[in-house]
Amino acid sequence: MKSSVTYELLHTDKTTGARRGVVHTPHGDIQTPVFMPVGTQATVKSMTVEELKENGAQIILSNTYHLYLRPGSKLVRKAGGLHNFMRWDRPILTDCGGFQVFSLSDLRTITEDGVEFKSHLDGSKHFFSPEKVMEIEEDLGADIIMSFDECCPYPSSYEYTKDSMERTTRWAKRCKDAHTTENQALFGIIQGGFYEDLREQSAKDLIELDFPGYAIGGISVGEPKEEFLKMLKFTAPLMPENKPRYLMGVGSPDYLIEAAMAGIDMCDCVLPTRIARNGTAMTSHGKVVVRNATYAEDFSPLDPECDCYTCKNYTRAYLRHLVKCNEILGDRLLSIHNIKFLTNLMERVRMEIENDNLSNFAQDFYKKYGYTKEEE
RNA sequence: GUGGAUUUAGCGUAGCUGGUUAACGCGCCAGUUUGUGGCACUGGAGACCAUGGGUUCGAGUCCCAUAUUCCACC
């Protein structure tokens, strides 16, 4: 069957091998490399869909586990699917709940058949099998759906990681067999922790299953940056060139640039919106903890080089005031800025790839982003 | 004026029958945040316990005096 999601390679950066491309989906094209904001509960926290669009979001993520528990995936189906329900007419990708296997580790048990969760909301028991996850993701109706995997914690032993990876591959096969919808593309997730031979095996086995796209899972889970880069650079080249390559869970500016340089097309992360809600902004001169006293009387914009609504209209002093008072508007304005900052960054990355200049740009960016950081 | 109560970090409070570095919340300062359970988490600064005197090996804790604020009554 022909996939509803396809990848078109437009240009390869001669300095790094980064890919400038387009991902075609039923809800429109995605220019890549792309950063995808996360909207776990069918909302990118505090932002309207209009704001997301204005700030350059091309595709957003949502979450199987959370929507299944509340409001229920059948309800979302009745609402006409996630797109209708939340009024977002651009592409959506749903994560499978694999990350929750990792993050809710004290509330679940893993068996060959699947994972038993205790709901973090009311303690009720739920069972996720690959087949169940496919049913939920089909009810939600995202353009790209992820196969059910286990995201191993860092560090994990070789034996544990191997067993887990092999099970994830078996689950991927089951997902593929259970997947019925033609307008949704099912991506496989490469696991294998921080062991090269396991990564290689995982990639090889999943590629044999012939998914329309592949993700790297299980990195950016708390390991040192060198470990992350090593595994990223090892795994990305194992992925098919004619399909989208998605690195899960990456969202700091430097990691995004590294991902692009490694040939990754898509990344998602809660980082920009989460740190926004905790009072931190990403700027062209590094991270700014808006809450800090040093900005109390700083009447300049958050990032003078940014063209977002927040930077065009508000001062650091005012944003600090909002954050310190825990005012909702502070969360919103910082979220708007951080999302725009990352979509701007990725737009720039795409341009630099087209100009075969990504390597230089990366160096310049690091100098600037790192310089202010050290200055503090 | 009389009787009662009060006085512990910037604010609000806890400190049991006296015993090593006086606790907590808010506020303040800083750090963390990476396929979002948690507008969260982790640290830090800041008090000679109203003042003076006394009892005791040892007092925020007991006694006396003074001051403070509050309440009631004349």
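Below, read A as the first sequence line, B as the second, and so on, with proteins coming before strands; counting in each chain starts at 1.
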Would you measure the distance from the [atom1] atom in [N] across to the matching atom in [M] and give it in whole Å?
{"N": "A5(B)", "M": "A65(B)", "atom1": "P", "result": "14 Å"}
{"N": "U6(B)", "M": "A67(B)", "atom1": "C1'", "result": "13 Å"}
{"N": "C11(B)", "M": "U51(B)", "atom1": "P", "result": "15 Å"}
{"N": "U21(B)", "M": "A30(B)", "atom1": "P", "result": "31 Å"}
{"N": "G54(B)", "M": "A45(B)", "atom1": "P", "result": "34 Å"}
{"N": "U13(B)", "M": "G1(B)", "atom1": "P", "result": "28 Å"}
{"N": "U17(B)", "M": "C24(B)", "atom1": "C1'", "result": "23 Å"}
{"N": "C74(B)", "M": "A14(B)", "atom1": "C1'", "result": "37 Å"}

[N] - base-pair partner by Watson-Crick or wobble geometry, distances under 3.5 Å:
{"N": "C73(B)", "value": "G1(B)"}
{"N": "U13(B)", "value": "A23(B)"}
{"N": "G44(B)", "value": "C28(B)"}
{"N": "C49(B)", "value": "none"}

- Message: Please report whether the ring centroid of Phe187(A) lies less than 6.0 Å from that of Tyr214(A).
- Response: no

- Message: Are Tyr65(A) and Tyr68(A) an aromatic pair, judged by ring center distance below 6.0 Å?
- Response: no

- May I ask you to check whether over 12 heavy atoms, not counting those of Glu297(A), lie within 6.0 Å of atom CD? no

- Query: Applying the 4.5 Å side-chain criterion to the ILVMFWY set and letting contacts propagate, would Ile145(A) and Leu93(A) be lumped into a single cluster?
  - Reply: no

Would you say the side-chain atoms of [X] pair up with the backbone N or O of [Y], donor to acceptor, closer than 3.5 Å?
{"X": "Thr343(A)", "Y": "Asn55(A)", "value": "yes"}
{"X": "Trp171(A)", "Y": "Glu112(A)", "value": "yes"}
{"X": "His27(A)", "Y": "Asp143(A)", "value": "no"}
{"X": "Arg320(A)", "Y": "Arg291(A)", "value": "yes"}

How would you label the contact of [X] with the nucleic acid (heavy atoms, under 4.0 Å): base, sugar-phosphate, or nothing?
{"X": "Leu69(A)", "value": "nothing"}
{"X": "Asp149(A)", "value": "base"}
{"X": "Gly218(A)", "value": "base"}
{"X": "Ile275(A)", "value": "base"}
{"X": "Lys225(A)", "value": "nothing"}
{"X": "Thr280(A)", "value": "base"}
{"X": "Ser119(A)", "value": "nothing"}
{"X": "Arg108(A)", "value": "nothing"}
{"X": "Cys267(A)", "value": "nothing"}
{"X": "Gln100(A)", "value": "sugar-phosphate"}

Would you mind reading off the distance between [X] atom [atom1] and [N] atom [atom2], rounded to a whole angstrom?
{"X": "Arg245(A)", "N": "G35(B)", "atom1": "CZ", "atom2": "C1'", "answer": "19 Å"}
{"X": "Tyr65(A)", "N": "G37(B)", "atom1": "OH", "atom2": "P", "answer": "9 Å"}
{"X": "Leu107(A)", "N": "G37(B)", "atom1": "CG", "atom2": "P", "answer": "11 Å"}
{"X": "Met266(A)", "N": "G35(B)", "atom1": "CE", "atom2": "C1'", "answer": "12 Å"}
{"X": "Leu342(A)", "N": "G35(B)", "atom1": "CG", "atom2": "P", "answer": "13 Å"}

- Query: Looking at G37(B), G31(B), G35(B), which one has an atom nearest to any side-chain atom of Leu104(A)?
  - Reply: G37(B)

- Query: When you measure from the side chain of Arg274(A), which nucleotide among A30(B), U33(B), G35(B) comes out closest?
  - Reply: U33(B)

- In terms of the nearest nucleotide of RNA chain B, which residue is placed more toward the 5' end: His120(A) or Gly251(A)? Gly251(A)

- Query: Do the side-chain N and O atoms of Thr111(A) and Asp113(A) include a donor-acceptor pair separated by under 3.5 angstrom?
  - Reply: no

- Message: Less than 3.5 Å apart, any donor N or O on the side chain of His285(A) or Glu305(A) sitting next to an acceptor on the other?
- Response: yes

- Item | Footprint string (nucleotides 39-45 of chain B, 5' to 3'): B base within contact, S backbone only, - free, heavy atoms under 4.0 Å | BB-----

- Message: On the nucleotide G35(B), are OP1 or OP2 found under 4.0 Å from the side-chain N or O atoms that Ser103(A) carries?
- Response: no

